[in-house]
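We count residues from 1, following the sequence as given. Both ligands and their constituent atoms are indexed starting at 1 by order of listing.
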Amino acid sequence: MPSALLAPVTAASARWTDGFWGGIHARTRDVTIPQIWGSLADPQVSQGLENFLIATGEKKGVHLGPPFMDGDLYKWMEAAIDSLETHPDPELADRIEYLAGLIAQVQREDGYVHTPTKISEVNGDEVTALADRFNFETYNLGHLITAGVRHYEVTGSESLLDTAKGAARFLAHLANDKPLELARSAICPSHYMAVMDLYRVTRDRHYLELAQAFLRVRDDFEEGGDDNQDRLAVRDQVVVAGHAVRANYLYAGLADLVLETGDAELQAVLERLWNDVNDTKLYLTGGCGALYDGASPYGHQWQGEISRIHQAYGYAYQLPNTTAHAESCANIGMIFWSERMLALTGDAKYADVIERIAYNVLLASIGLDGGTYFYTNAMRQVRELPFALRRPGDTGQLDVPAPPPSDERLRQDFMSCFCCPPNIARALASFHTRVASTSHEGLFVHQYGGSEIDVSVADARLALRESSDYPWDGRIAFTVTAASGSLPVHLRIPGWSEGATLTVNGETVAVTEPGSYAPIEREWAVGDEIVLDLPMPARVVRGHRLAEELTGQVAVQRGPIVYAVESMDLPADVRLEQVALRRGVAFEPVEIEIENSRMIALDTEATVLPLSGSDGLYEDLEQDELRAAPVRLIPYYAWGNRGAGEMSVWLPVVW
Ligand SMILES: [Zn+2]
């Protein structure tokens with residue numbers, strides 16, 4: 001990547017072997033990946049696999065499931081391939097080869113692969129490819145290409161890579177001969193990142209030019225709207241709007257392009273858009289895309305310009321809590337976008353956001369059991385909500401069961417709209433690639449939580465083993481396990497931290513400002529010990545004055561972990577809406593277990609507000625005395641693992 005300041009590491013150079021992320025990595029391998037395969041391969045649950053068997057003629061039937069389910073199978077394959085890289089498993093490797101063979105059979109001569117179309121053909125129906133943008137063909141092809149590249153990188157097999165090249169050939173045909181169809185169908189655009197993956201592994205410039213053609217076709221599209229980020233040419237975009245998965249995938253793919261081309265103008269656009277999300281639209285937990293449904297541009301004077309948006313970024317500071325959408329795929333897309341911006345700029349703020357997402361909304365989107373998933377990620381859950389919030393699989397038709405009561409919305413082991421679970425699996429199965437980067441200036445360590453790193457730059461090599469109880473304790477120790485030369489080490493001082501200290505073999509080293517990398521330059525020897533100490537008091541945070549839904553409320557954070565209160569941790573006579581925090585109140589860290597998972601909770605004394613005396617929309621405030629009650633806050637990511645109930649991240653503050 002010629003324009004990268006920082007080069008990402010692969011599994012050969014960084015792993016989670018221990019500690020917090022070592023545990024998550026093992027859970028992903030042992031529980032999540034097999035569990036998702038169980039859902040995709042069992043026709044009683046889904047036709048993820050079955051659709052391919054019908055498309056090849058091996059079985060009879062019709063296509064069932066959403067049109068993007070092929071892509072979800074490819075994403076699962078990518079997660080499994082990531083797992084093969086860190087944990088060889090011949091049976092799993094054989095299954096991936098078998099699937100690669102099936103996919104190749106479904107592929108048309110021109111490279112197009114899409115089981116709904118193929119099955120219709122097999123059944124003698126009249127079908128047209130790319131007839132409907134909601135067929136998600138480019139999304140599926142993009143994920144196929146990325147899985148093919150990963151398969152080749154990890155196993156050396158070219159079976160899926162060949163199919164991937166065919167898929168790219170079809171996309172090139174669209175870009176050149178059918179740009180309108182391509183522009184219309186380019187939703188949830190995984191194919192930008194995908195062809196750049198293919199370019200990096202083949203160094204065939206046609207793929208780089210193809211990514212440039214995608215951008216050109218999009219910018220020339222005249223029928224677009226904000227929901228798909230194609231109302232304006234990308235370079236004219238000032239704020240991020242519309243479907244949050246589509247936005248984050250698009251900008252991540254364009255950042256890939258800049259990493260190769262060094263297009264400074266496009267980089268400036270991406271920095272401006274990323275800052276817009278980070279400064280005005282990102283939930284405290286790292287969630288992206290606040291709205292279930294809305295309109296954009298919001299309040300525009302020309303109504304003809306306004307388009308419907310869904311699963312979307314709202315306007316600046318619009319961050320509803322109960323109705324937070326924050327689709328799991330959108331949050332993962334923000335990790336993809338941020339890691340590419342980090343590679344481009346070396347700015348620690350991008351690693352800070354990856355940390356914010358990873359420890360909070362990403363881990364919340366999967367149960368502590370490793371096999372249940374959220375599609376949306378609420379910031380607050382309340383009883384008796386007088387309207388139903390859409391869940392994946394809730395079709396809105398009258399003959400389907402009503403959604404569960406609002407305080408019983410919990411993770412599901414399967415959802416008919418299955419984009420999120422395999423995305424969560426691949427994000428977690430490859431999370432070690434976000435541990436660190438290298439540059440000619442040395443090693444940059446971004447994420448903490450149980451890694452082993454072994455990198456070489458020019459003639460220098462450095463291997464480190466991290467020992468820490470992060471994120472529960474801020475003492476992070478690295479032991480040098482191999483060294484030659486004097487590779488400088490740069491450790492991220494998180495933006496949230498204050499009073500960090502750093503020592504090497506007990507000698508103090510200067511620490512840089514929060515939100516930067518502290519450099520350590522010396523001749524390393526095996527056994528050297530680096531200790532970064534990040535004090536972790538519980539911190540009370542509040543939102544921007546324009547964030548109306550956060551007005552008069554605070555949230556609690558300790559280290560990178562955002563906390564929440566759940567109704568099962570309240571005294572029997574206290575309701576969720578009564579819980580307030582007094583300014584200056586103390587928080588006591590206590591070790592607890594939920595679902596056999598160890599974590600640090602925070603015990604404190606809540607101020608109990610008077611219960612509302614009526615069901616009216618408004619009522620006079622009684623002058624009741626406030627009382628106190630003990631409450632326990634738990635990490636947000638662990639909410640919803642003890643049965644149904646209410647939950648809130650933000651709580652009223654009493655001065
Ligand atoms: Zn999703």
Side-chain angles (χ1 to χ4, degrees), residues 28 32-33 35-36 39-40 45-46 48 65-79 133-140 142-144 146-147 186-191 193-194 227-229 242-253 283 285-293 309-313 323-337 357-358 360-367 371-378 389-395 409-430 637 640:
T28 305
T32 310
I33 291 173
Q35 190 274 338
I36 293 175
S39 295
L40 289 169
V45 180
S46 90
F68 46 82
M69 194 164 243
D70 291 359
D72 300 332
L73 179 74
Y74 305 149
K75 274 189 287 185
W76 174 81
M77 291 171 73
E78 189 188 331
R133 77 180 335 189
F134 293 106
N135 274 340
F136 288 86
E137 282 130 312
T138 54
Y139 166 91
N140 287 348
H143 285 303
L144 169 58
T146 295
I187 61 173
C188 291
S190 65
H191 55 300
M193 286 181 273
D227 204 28
N228 203 40
Q229 296 83 39
H243 197 295
V245 182
R246 300 181 192 181
N248 293 354
Y249 277 29
L250 169 67
Y251 302 133
Y283 278 105
T285 55
C288 292
L291 306 186
Y292 276 67
D293 306 290
I309 52 173
H310 74 302
Q311 316 193 2
Y313 284 110
T323 62
H325 194 273
E327 187 194 333
S328 303
C329 288
N331 315 327
I332 291 165
M334 186 63 176
I335 292 180
F336 296 156
W337 184 11
I357 297 169
N360 298 294
V361 77
L362 172 62
L363 286 180
S365 62
I366 181 166
T372 51
Y373 314 92
F374 273 139
Y375 184 89
T376 57
N377 291 280
L389 284 172
R390 192 173 58 235
R391 289 193 316 181
D394 296 339
T395 62
R409 288 161 49 89
L410 291 172
R411 296 174 188 84
Q412 299 164 270
D413 55 4
F414 178 76
M415 46 190 93
S416 61
C417 178
F418 203 61
C419 54
C420 298
N423 219 1
I424 296 165
R426 70 177 181 142
L428 293 177
S430 64
Y637 79 77

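- Between the side chain of E78 and the main chain of N423, no donor-acceptor pair closer than 3.5 Å is present.
- Closer than 2.8 Å to the Zn ion (ligand 1) sit the protein N, O or S atoms E327 OE2, C329 SG, C419 SG, C420 SG.
- In this structure a side-chain-to-backbone donor-acceptor pair under 3.5 Å is missing from R246 to A186.
- Closest of all the heavy-atom pairs between M69 and F418 is CE-CB, 4.1 Å.
- Distance alone, capped at 3.5 Å, is enough to place a donor-acceptor pair between the N331 side chain and the A326 backbone.
- With sequence neighbours excluded, the residues that form a salt bridge (charged side-chain N to carboxylate O under 4.0 Å, His left out) with D293 are R308, R390.
- Formation of a donor-acceptor pair under 3.5 Å by the T285 side chain with backbone atoms of V361 is not found in this model.
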